[in-house]
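Below: the structure, in structure tokens.
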There are 2 protein chains.
Amino acid sequence: MTYEKKIPLRKDCGLHLFKELLNGKWKLMLIYYISTGLKRPGELQRKIGTADRRVLANQLSELVLHGFVSKVIYDTKVPKVEYELTDLGKSLLPVILNLEAWGESNRDVLEKALPV
Amino acid sequence: MTYEKKIPLRKDCGLHLFKELLNGKWKLMLIYYISTGLKRPGELQRKIGTADRRVLANQLSELVLHGFVSKVIYDTKVPKVEYELTDLGKSLLPVILNLEAWGESNRDVLEKALPV
DNA sequence: GCAAGTACGCATAAATTAATCCCTATAAGG
DNA sequence: CCTTATAGGGATTAATTTATGCGTACTTGC
């Protein structure tokens, strides 16, 4: 997580801005699930299932760092944390839905293209 | 390029279908430029500039393999190759434009989020 | 003949991202 | 007391992706 990149970032176009910040394996999915009301780390982890707890935690912390999500830590006896989307995060929802729709409506062809 | 993945692919949702196939650093950009009429490898390479010839060639060959782009090899004395979008490739253009538009319209915020 | 342009490719190194090992701490339920 | 649940973290390894070193072959223009 404290990794300093050696190859300069590409900011030349919107595509690269998107990619530099949202390339993480679960980031878009996390933003989507948070938008549906799953806010707590445990909930998100159970929902995603195949992803390791720490991987999700890393992706979430980057989303916070980059301003897509904010983290609320409650001061309760039993630890409680909730994530919520910032305006920037919300601005991504149409894009995410568009990507998702493209993938689903081409699922047949895409699955054949995937190895094995 | 002949790399066998060890972690099973995720086909569970449209987002992952998209990601598994189009995660490459220059893939979306290549599809976009091809749609604008840049068809030959040399043209594309000069346009992108910062990307190495071989990296672009790899990404293009994957795009061909996965059915987004087709490759036409002309039988001329001086080698000539052209790429063109398949229907599947064309179906991506609205998505690409949407991503690009999101990135550009949030450029100010996004650039501040990027390290250094 | 020689430089520059077309296009391509194998093998390896480097960079980046994701996954895992082995931990802490508190509280509620039984 | 013990199990399960909450949430977390540093250090390391593995997996994946990108970049590079060093070649091929042919043609056109000077």
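Below, chain A is the first sequence line, B the second, and so on; all start at residue 1. All values derive from a computational prediction rather than experimental measurement.
Look at NZ on Lys19(A): it is 11 Å from C1' on dT17(C), rounded to the nearest Å. For the pair Glu82(A) CD and dG8(D) P, the interatomic distance rounds to 12 Å; values are reported in whole Å. If you take NE2 of His16(B) and P of dT16(D), they are 14 Å apart, rounded to a whole angstrom. Note: CG (Asp75(B)) to P (dT6(C)) measures 19 Å, nearest angstrom. At whole-Å resolution of the value, OH in Tyr83(A) and P in dT6(D) are 14 Å apart. In this structure, Lys71(A) places its NZ atom 8 Å from C1' of dA7(D), rounding to the nearest Å. Protein atom CG of Leu60(A) is 11 Å distant from nucleotide atom P of dA7(D), rounded to whole Å. Atom CD1 of Ile73(A) is separated from atom P of dG9(D) by 9 Å (rounded to the nearest Å).
Under the side-chain contact (heavy atoms from CB on, under 4.5 Å) criterion, Ala57(B) pairs with no residue at all, not counting sequence neighbours. With sequence neighbours excluded, the residues forming a side-chain hydrogen bond (donor to acceptor under 3.5 Å, both in side chains) with Ser91(B) are Trp102(A), listed by chain and number. When the salt bridge (Lys or Arg N to Asp or Glu O under 4.0 Å) test is applied to Lys25(B), no partner is found at least two apart in sequence or on another chain. Every residue meeting the side-chain contact (heavy atoms from CB on, under 4.5 Å) condition with Gln45(B), not counting sequence neighbours, appears here in chain and number order: Arg53(B), Leu56(B).
Residues in residues 76-87 of chain A take part in these side-chain hydrogen bond (donor to acceptor under 3.5 Å, both in side chains) pairs, two or more places apart or across chains: Tyr74(A)-Glu82(A).
At dA19(C), one or more side-chain N or O atoms of Trp26(A) fall inside 4.0 Å of OP1 or OP2 (strictly under the cut-off). In terms of phosphate contacts, Lys80(B) brings no side-chain nitrogen or oxygen within less than 4.0 Å of OP1 or OP2 of dT27(D). Phosphate contact (OP1/OP2 of dT17(D), side-chain N/O of Lys5(B), threshold under 4.0 Å): present. Phosphate proximity of dA19(C) to Lys6(B): absent, as no side-chain N or O sits under 4.0 Å from OP1 or OP2. Phosphate proximity of dT16(D) to Lys25(B): absent, as no side-chain N or O sits under 4.0 Å from OP1 or OP2.
Across the interface with DNA chain C, nearest-nucleotide mapping of Pro8(A) and Lys77(A) shows Pro8(A) to be the residue nearer the 5′ end. Heavy-atom nearest nucleotides on DNA chain C were determined for Ile7(A) and for Val81(B), and the one closer to the 5' end corresponds to Val81(B).
Comment: Lys11(B) does not engage Glu20(B) in a salt bridge, judged by the lack of any side-chain N to carboxylate O separation of less than 4.0 angstrom.
Contact check of residues 39-56 of chain B against DNA chain C (heavy atom, cut-off under 4.0 Å) returns Arg40(B), Pro41(B), Gly42(B), Arg46(B), Arg53(B), Arg54(B).
With hydrogens and angles disregarded, a donor-acceptor distance shorter than 3.5 Å links the side chain of Glu104(B) to the backbone of Gly14(A).
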